[in-house]
Number of protein chains: 2
Amino acid sequence: MPIPHHGQPRYRVIADELRKRIESGVIPPGALLPTESVLTAEFQASRGTIRQAIAVLREGGLATTEHGRGTYANVHLCNRNSDQRSDLETRQCEVSADTDLAALFGVEVGAALIECETVARRGKKVETVTRTYRLRPINH
Amino acid sequence: MPIPHHGQPRYRVIADELRKRIESGVIPPGALLPTESVLTAEFQASRGTIRQAIAVLREGGLATTEHGRGTYANVHLCNRNSDQRSDLETRQCEVSADTDLAALFGVEVGAALIECETVARRGKKVETVTRTYRLRPINH
DNA sequence: AGAAATTTGTCCGTATGTATC
DNA sequence: AGATACATACGGACAAATTTC
């Protein structure tokens with residue numbers, strides 16, 4: 001018997017709570033989050049719902065999950081720079097809209113956007129850097 | 001009775017197949033993908049698995065889903081030659097490299113870069129903003 | 001080295017809510 | 001208002017990677 005989700009969906013509420021814990025340092029950077037089964041017990045939600053919440057954290061770049069190990073809290077990349085980029089070709093994260101982007105998307109300055117960055121190299125030299133911005137989906 | 005998934009997971013195989021259809025034009029840009037229930041029938045997979053596959057497309061920027069409507073194939077902004085259709089506005093200008101870009105290109109902060117910005121709209125709504133950066137050609 | 005336990009990954013089925021047509 | 005289509009949530013089962021003993 002599915003529990004209704006009037007208003008804010010359950011998995012987002014849970015994701016929000018976890019996000020607060022990470023950002024406030026209750027779960028320090030690099031530390032493992034509670035396991036899915038522990039979270040299942042704490043939030044009285046099904047495992048699928050917990051996994052959905054964790055997926056939200058991953059998309060926001062707040063956590064990283066490893067098969068068989070667990071989910072780590074990430075170091076927060078303070079406002080858009082700080083070299084966290086290893087040798088990734090493309091990465092995705094959440095950024096704040098600058099005045100330019102805010103005007104285009106019709107949102108407020110500082111609103112959350114998804115940034116997908118692709119680095120194209122020829123040999124070792126960087127040819128182009130492409131950044132694609134889109135609104136953060138309200139659902140999904 | 002769950003179906004085993006030795007090797008490549010089912011949802012990725014399905015996502016790959018759909019990606020091919022979008023990139024090859026079998027599903028043209030802007031068109032609706034088959035509904036989840038149709039895909040469920042075609043691939044003989046559960047709806048959850050289909051949704052997982054579509055989520056992969058979304059993350060890759062190949063599709064956009066709207067509640068109650070369906071999932072659209074996105075226009076791909078790959079060809080930078082030859083004018084695209086007029087749903088895309090492009091402008092180009094010179095900008096200064098921020099610390100992030102400077103590190104990538106291996107130049108000093110503030111160095112000149114060419115920024116090409118493309119705004120993709122559907123109707124009046126801005127779908128994506130893409131910014132491509134490259135080094136300014138060494139004089140002429 | 002190997003077996004067991006732990007933890008995340010994949011997949012299925014079902015039921016109900018919510019937005020759009 | 002009804003039909004269609006996506007979103008959320010539950011539960012169960014087995015697979016795969018990691019850690020522990």
Side-chain angles (χ1 to χ4, degrees), chain A residues 1-18 22 27 30-60 62-74 114 134-140, chain B residues 1-18 22 27 30-59 62-74 122-125 127:
Chain A
M1 38 301 227
I3 293 177
H5 50 279
H6 305 302
Q8 188 84 337
R10 204 112 152 58
Y11 74 93
R12 283 202 178 273
V13 173
I14 295 171
D16 247 42
E17 171 58 28
L18 293 175
I22 293 173
I27 300 174
L32 281 171
L33 269 64
T35 67
E36 292 176 356
S37 68
V38 169
L39 293 174
T40 291
E42 174 180 350
F43 291 104
Q44 290 289 302
S46 75
R47 194 179 156 214
T49 301
I50 296 297
R51 284 176 61 75
Q52 234 174 324
I54 292 175
V56 171
L57 298 181
R58 272 197 302 268
E59 282 165 28
L62 280 92
T64 305
T65 301
E66 289 180 23
H67 191 168
R69 291 195 63 118
T71 299
Y72 295 92
N74 285 341
I114 301 294
R134 61 175 64 90
L135 288 173
R136 187 175 57 170
I138 300 172
N139 285 321
H140 311 316
Chain B
M1 40 290 216
I3 292 177
H5 51 277
H6 302 15
Q8 187 86 338
R10 206 110 150 57
Y11 75 93
R12 287 208 175 272
V13 174
I14 295 171
D16 245 43
E17 172 59 29
L18 293 175
I22 292 173
I27 300 174
L32 279 171
L33 269 65
T35 67
E36 293 176 355
S37 67
V38 169
L39 293 173
T40 291
E42 173 180 350
F43 291 104
Q44 290 289 300
S46 77
R47 195 167 156 229
T49 301
I50 297 296
R51 284 175 60 74
Q52 239 176 319
I54 293 176
V56 170
L57 299 181
R58 272 198 303 268
E59 281 165 29
L62 281 92
T64 304
T65 302
E66 289 181 22
H67 194 164
R69 296 193 63 122
T71 297
Y72 295 91
N74 286 340
R122 175 164 67 221
K124 288 184 177 178
K125 283 199 315 188
E127 285 266 296

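Lettering follows sequence order; numbering is per chain, from 1. Side-chain atoms are counted along with the backbone in the values below, which use heavy atoms only and exclude waters and symmetry mates.
Contacts of A/G70 with the nucleic acid, taken as non-hydrogen atoms under 4.0 Å apart, involve only primed sugar atoms and P, OP1 or OP2. Within 4.0 Å (heavy atoms only), A/S46 reaches at least one base atom of the nucleic acid.
In this structure, the CD atom of A/Q52 is 14 Å from the P atom of C/dG9, given to the nearest Å. If you measure from atom CZ of B/R69 to atom C1' of D/dC6, you get 12 Å, rounded to the nearest angstrom. Here the C1' atom of nucleotide C/dC11 and the CD1 atom of B/I50 are 12 Å apart, to the nearest Å. The distance from atom CZ of A/R47 to atom P of D/dC10 is 14 Å, rounded to the nearest whole Å. Protein atom OH of A/Y11 is 13 Å distant from nucleotide atom C1' of C/dT18, rounded to whole Å. Straight-line distance from the CD1 atom of A/I14 to the P atom of D/dA7: 19 Å, rounded to whole Å. For the pair A/E36 CD and D/dA13 P, the computed distance is 18 Å after rounding to whole Å. The CD atom of B/Q8 sits 13 Å away from the P atom of D/dA16 (whole-angstrom rounding).
Recorded end-axis angle for the helix from C/dG2-D/dC21 to C/dC21-D/dG2 stands at 10°, based on five pairs per end and rounded to 10 degrees.
Residue A/G48 is the one, among A/G48 and A/Y72, whose nearest nucleotide of DNA chain D lies closer to the 5' end (criterion: closest heavy atom).
Applying the side chain to side chain donor-acceptor pair (under 3.5 Å) test to B/E36 and every residue at least two apart in sequence or in another chain returns B/R47, B/R51.
Looking only at side-chain heavy atoms (C-beta outward), B/T40 and B/T49 stay at 4.5 Å or farther from each other. Counting heavy atoms from C-beta outward, B/T64 and B/N74 have side chains that approach closer than 4.5 Å. Proximity of B/T65 to B/I54: side-chain heavy atoms (C-beta onward) are separated by under 4.5 Å at one or more points. No side-chain heavy atom of A/T71 sits under 4.5 Å from any side-chain heavy atom of A/T35. Looking only at side-chain heavy atoms (C-beta outward), A/L33 and A/I27 come within less than 4.5 Å of each other. When side chains are defined from C-beta on, B/L57 counts as touching B/I22, because their heavy atoms get closer than 4.5 Å.
Side-chain N/O atoms of A/R51 include one lying less than 4.0 angstrom from OP1 or OP2 on C/dG9. In terms of phosphate contacts, B/T49 brings a side-chain nitrogen or oxygen within less than 4.0 Å of OP1 or OP2 of C/dC12.
Put simply, the side chain of B/H67 and the base of D/dA7 share no donor and acceptor less than 3.5 Å apart.
Side chain of A/A45, nearest nucleotide from D/dC10, D/dC6, C/dT8: D/dC10.
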